[in-house]
Amino acid sequence: MIRSGKALDRARLVKEAHRSIRKGSKSFSAASRLFDRETRERVWLLYAWCRACDDIADEQDHGHAVGPVRLGTRLSPEDRLATIRTLTELAMAGETTGTPAFDALGQLMREVPLTPAMVEDVLAGFALDAADWRPRSEADMLRYCFHVAGAVGVMMAAVMGVAPEDDDTLDRACDLGIAFQIANIVRDVWEDDAHGRCYLPVEWLSEADIPPGEVTKPHYRGALVPMVARACALARDYEASARVGATRLAFRQRWAVLSAANIYGGIAREVERLGAHAWDHRVSTSRGEKLSHVWTALEEARTASEPKHEASRPVLSRRELRALAQA
């Protein structure tokens, strides 16, 4: 995976990153249009790096299988993580990796005050997956959500101009990523189970008398519904915190963030509304629904104002979850 090559100029890196986001996520590609040009290009650069890390970790191409792998050529999860770390560290050091997605990170770090700690928080999520780690407690689940999504939200906030020392706003950006990941977890219970994974806390399953590995058995579906509702309530709390942080952003950035909050929040709310039927088909958002969420966010962005009194945030956010991970 690691190869040397001639450095691409910024325009080429942006072009490659745009190609990546268009191929990997139509929703994110469309949402990025809400930003001003400079922010939009930086969002593409960040996306390209995140997408490449995901693809290396999962041996995929933009989230899709790459076809049969020859016997004896498949890398172990640990080797894939080492590849991600090596390429990322080279990019952070200002070296040319020969891989546009990682060079995109290097370019971004020359333009935006991203810190090594921000990058490490994201890499820690890939380390959890490489170790086949599963959450035992609610705090464990939130810690996982922090590393795989909340930490990306922090980097997004930095791309949008939030200062590294503005801890409260960065915490709230992290909270939005956590809300997004909780929505993914409740939506993808069946899909994750098919791959031998479960990101709902073991303690929750135990309280509901659902044995490990049997979360999708038909006779446990009724017990699963209140557990998922509990997770959706958590997602709403994190989303509410993030909306406070969004009031501090420039208008177009605020519009984009609130649009994403509406779209992903809508997924969690639909899963909760469907109850036991939430996994009959994978919950998704139609193009019309996405447009409706974007237009709603436009009005919200126009009228949003920061609360006059200090707004609460979840007990476990970026700083607390990072401390748990380091304990």
Side-chain angles (χ1 to χ4, degrees), residues 77 121 124-151 153 171-172 174-242 261 264-284 312-327:
D121 285 338
F126 294 107
L128 290 176
D129 280 333
D132 203 29
W133 186 86
R134 297 292 178 265
R136 181 157 197 84
S137 64
E138 180 179 301
D140 285 342
M141 179 182 73
L142 293 172
R143 174 189 163 197
Y144 180 78
C145 291
F146 159 56
H147 284 300
V148 302
D171 287 347
R172 294 180 190 278
C174 175
D175 290 344
L176 187 59
I178 291 173
F180 288 178
Q181 189 61 27
I182 294 173
N184 285 338
I185 287 172
V186 297
R187 178 190 61 188
D188 296 339
V189 169
W190 251 245
E191 186 177 322
D192 288 336
D193 183 70
H195 291 90
R197 304 168 184 159
C198 181
Y199 296 104
L200 293 168
V202 172
E203 290 178 357
W204 287 14
L205 296 172
S206 179
E207 290 170 9
D209 292 323
I210 300 177
E214 298 190 23
V215 67
T216 60
K217 298 290 185 184
H219 48 284
Y220 290 123
R221 190 175 284 208
L224 181 62
V225 170
M227 189 186 312
V228 164
R230 179 177 176 181
C232 289
L234 274 175
R236 285 195 296 275
D237 288 342
Y238 280 93
E239 181 185 329
S241 171
Y264 267 87
I267 289 173
R269 287 186 281 275
E270 181 65 4
V271 169
E272 187 173 14
R273 185 190 71 80
L274 289 171
H277 297 287
W279 308 282
D280 293 349
H281 303 282
R282 191 172 192 264
V283 171
S284 61
S312 63
R313 60 180 181 86
V315 174
L316 295 178
S317 188
R318 177 183 62 112
R319 284 171 285 178
E320 294 81 14
L321 291 168
R322 180 188 285 159
L324 282 177
Q326 296 171 347

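Atom CZ of R273 and atom SG of C232 lie 12.5 Å apart (nearest 0.5 Å). The structure places OG1 of T216 at 8.5 Å from CZ of R221, a figure rounded to the nearest 0.5 Å. Distance CD1/I182 to OH/Y144: 13.0 Å, rounded to 0.5 Å. Rounding to the nearest 0.5 Å gives a distance of 5.0 Å between CZ of R230 and CD of E207. Rounded to the nearest 0.5 Å, atoms CD (E203) and CE (M141) are 11.5 Å apart. Here the straight-line distance linking atom CG of L142 with atom CG of L316 works out to 6.0 Å at 0.5 Å rounding.
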Exercise. Can F146 and L324 be said to form a side-chain contact (heavy atoms from CB on, under 4.5 Å), step by step?
Worked result: CA-CA 11 Å; F146 159 56; L324 282 177; over 6 Å; no
Problem set entry | Residues L128, R143; criterion side-chain contact (heavy atoms from CB on, under 4.5 Å); working and verdict | CA-CA 10 Å; L128 290 176; R143 174 189 163 197; 3.8 Å; yes
Problem set entry | Check against side-chain contact (heavy atoms from CB on, under 4.5 Å), I185 and C145 | CA-CA 9 Å; I185 287 172; C145 291; 3.8 Å; yes
For this session: Check step by step if side-chain contact (heavy atoms from CB on, under 4.5 Å) holds for R322 and D121.
Result: CA-CA 8 Å; R322 180 188 285 159; D121 285 338; 2.6 Å; yes
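Taking all atoms of both residues into account, the shortest heavy-atom contact from L224 to W190 is CD2-CZ3, 3.7 Å. The heavy-atom pair separating A235 from A179 by the smallest distance is O-CB, 3.6 Å. Among all heavy-atom pairs drawn from S241 and R172, the shortest one is OG-NH1, 3.1 Å. Between P77 and A130, the shortest heavy-atom contact is CB-O, 3.7 Å. Nearest approach of L321 to A139, heavy atoms of both residues: CD2-O, 4.1 Å. In this structure, A223 and A208 approach most closely via the heavy-atom pair CB-O, 4.0 Å.
Shown are L205, L200, V202; of these, the side chain to side chain contact (heavy atoms under 4.5 Å, CB included) with I210 is made only by L205.
Contact check for V148 versus Y199: no side-chain heavy atoms found under the 4.5 Å cut-off. Side chains of R282 and D188 form a contact here, defined as non-hydrogen atoms less than 4.5 Å apart.
Salt bridge absent: E272 and R269 never bring a charged side-chain N and a carboxylate O closer than 4.0 Å. Salt-bridge annotation for D129 and R197: absent, with no side-chain N of the basic residue lying under 4.0 Å from a carboxylate O of the acidic one.
Under the 3.5 Å distance criterion, with hydrogens and angles disregarded, no donor-acceptor pair is assigned to the side chains of Y264 and N184.
Residue-environment remark: NE2 (H195) stays at or below the threshold of 12 foreign heavy atoms within 6.0 Å. For R136, the CZ atom is loosely surrounded, since the number of other residues' heavy atoms within 6.0 Å does not exceed 12.
Between the side chain of S317 and the backbone N or O of D171 there is at least one donor-acceptor pair closer than 3.5 Å.
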